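Step one of this worksheet: look at the structure below.
Everything quoted here is computed from the prediction, not taken from an experiment. Every number for a ligand or one of its atoms is a count from 1 in the order of the listing. Every heavy atom of this structure was used, including side-chain atoms; hydrogens, water molecules and symmetry mates were not.
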Amino acid sequence: MAVPRVWPRLHDAQRRVLFEVLVHGSQSRVALARRLGLSRTSLTRLARELVDLGLVEEGDVYVSKSRGRPPEMLHVRPHAAHLLGVKLTGNALYAVVSDLTGRVEEQRQLPLRSRDVADVVSLIGQVAAELFAGREVPAAVGVCLAGDVREEDGREFVDRSIFLGWDAVPLAELVSEATGLPAVTSNDVQALTAGHQWFGAGVKVRSMVVFGLGAGIGSGLVAADGLMTGAHGRPGKIGHAHVGGVGAPCQRGHHDCVHSFLTMPAIEVNAGVQPGDYPLVVERARAGEVRALRAFRHSAYALGVVVAQFVNVLDPEKVVITGEGTDMLDFAREEFDRALDDRLEDTSSESVVIDRQPFEFSHYARGAAVGALRSLF
Ligand SMILES: [Zn+2]
């Protein structure tokens with residue numbers, strides 16, 4: 001079998017077949033033809049082309065014959081491509097290399113030596129060289145970070161990346177130059193959402209909202225099978241919506257917005273601990289300390305308000321909640337449900353499917369790798 005050394009240029013029908021097998025799993029040619037509305041003859045030809053390109057294999061190679069899978073099954077060849085995904089924070093770089101099926105093979109975490117764009121780009125170049133070494137087809141790089149990604153005349157610019165102090169940075173272009181590969185950039189929660197849509201909590205749904213809770217609050221939206229990117233790369237913002245009460249001041253000076261209660265920094269202030277001492281709030285809440293528990297109750301209520309607004313607007317099949325700061329759901333789930341019941345338009349908290357997903361920082365980097373993979377389609 002011929003194996004490509006670079007990711008091949010695919011035509012539309014080839015991409016549709018590959019996408020189908022990639023996201024919905026190995027399938028027989030008959031099932032694929034039916035799903036895609038193609039004749040069996042066309043499907044046979046397309047399958048042959050994808051096999052020749054080294055992207056797909058026919059037959060039962062990963063499962064023993066005794067399990068009796070029919071021989072005409074099509075499988076993706078996981079090693080037909082590797083993707084690098086990078087998540088940048090204000091002081092660190094998380095990187096993963098994934099195969100074509102989104103499986104993470106290796107990861108790295110490095111401190112940033114500086115926030116200078118050139119330094120960060122050169123670090124990404126180094127990590128790419130290390131993690132791609134010896135891999136068959138390094139295909140693309142995805143980078144995600146807190147901030148907006150704006151597209152203008154086919155170029156991507158990172159705007160308002162507060163933790164890095166970046167604005168109007170053509171990061172994708174710079175990373176592409178440093179790595180010699182196609183590169184894409186995206187907002188970090190959008191990347192997380194992309195990862196869930198293709199290979200995670202969103203595989204079987206056509207609409208969902210993903211909330212990433214941590215230093216800030218971000219959301220990613222999937223509607224009608226598509227990831228919404230917005231007209232300016234900043235959909236799903238709700239941080240300054242009014243909640244009521246009195247909490248930590250946000251950057252705009254509100255004391256009663258979502259940011260005043262929901263983020264980890266707000267929870268720290270509202271619980272009366274030092275900035276960065278979030279684990280202490282968790283510890284105190286576990287011990288039953290009143291102020292810490294109140295901070296989580298308010299945070300849970302604010303989250304309920306936010307989720308209710310998105311459900312009212314989008315009516316999604318599920319709501320995914322993830323991130324480093326989701327403890328309010330352990331300490332005050334009833335407050336979250338109360339806010340949903342308060343603010344949902346035509347329904348009750350029980351009708352909303354909440355899918356709380358485990359989280360580690362590398363999930364953002366994996367989402368960025370999936371973003372890179374998506375760019376190949
Ligand atoms: Zn605010």
Side-chain angles (χ1 to χ4, degrees), residues 89-90 144-150 158-167 187-190 192-193 209-221 228-278 281-282 285 291-314 319-329 331-332 335-340 342-345 364:
T89 69
C144 73
L145 68 181
D148 303 336
V149 174
R150 163 175 50 100
V158 171
D159 286 339
R160 303 190 325 129
S161 185
I162 297 162
F163 301 124
L164 287 158
W166 293 359
D167 205 33
N187 167 273
D188 50 5
V189 182
Q190 295 261 315
L192 201 59
T193 306
V209 185
V210 176
F211 291 103
L213 306 180
I217 167 171
S219 66
L221 309 172
M228 293 175 67
T229 53
H232 312 91
R234 44 175 192 263
K237 305 281 198 226
I238 199 169
H240 293 291
H242 178 251
V243 175
V246 179
C250 76
Q251 283 174 332
R252 301 250 176 100
H254 309 140
H255 285 81
D256 54 6
C257 74
V258 171
H259 281 301
S260 306
F261 302 102
L262 186 52
T263 64
M264 288 161 75
I267 292 168
E268 289 158 10
V269 170
N270 296 337
V273 306
Q274 292 298 308
D277 235 347
Y278 180 83
V281 190
V282 174
R291 194 169 172 191
L293 283 171
R294 193 170 54 214
F296 279 123
R297 271 207 314 276
H298 290 166
S299 164
Y301 190 87
L303 179 60
V305 170
V306 166
V307 169
Q309 296 309 345
F310 277 85
V311 170
N312 287 339
V313 170
L314 195 66
V319 172
V320 176
I321 299 176
T322 186
E324 332 140 71
T326 62
D327 301 279
M328 74 289 277
L329 290 174
F331 292 117
E335 280 297 295
F336 172 74
D337 289 337
R338 190 168 72 86
L340 282 182
D342 260 8
R343 308 289 176 116
L344 285 170
E345 188 72 28
Y364 281 117

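Within the 4.5 Å cutoff, side-chain heavy atoms of R160 are placed close to those of D167. Counting heavy atoms from C-beta outward, V258 and Q309 have side chains that stay 4.5 Å or more apart.
Looking only at distances, no side-chain donor or acceptor of R294 sits under 3.5 Å from a matching main-chain atom of A271. In terms of modelled atom types and a separation under 3.5 Å, the side chain of D342 and the main chain of V305 share no donor-acceptor contact.
Of all protein atoms, those that are N, O or S and lie under 2.8 Å from the Zn ion (ligand 1) total 4.
Every residue meeting the side-chain contact (heavy atoms from CB on, under 4.5 Å) condition with V269, not counting sequence neighbours, appears here in chain and number order: A248.
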- Message: With side-chain contact (heavy atoms from CB on, under 4.5 Å) as the criterion, how do L303 and L329 come out once you've worked through the C-alpha distance, each side chain's angles and the decisive distance to 0.1 Å?
- Response: CA-CA 9 Å; L303 179 60; L329 290 174; 4.1 Å; yes
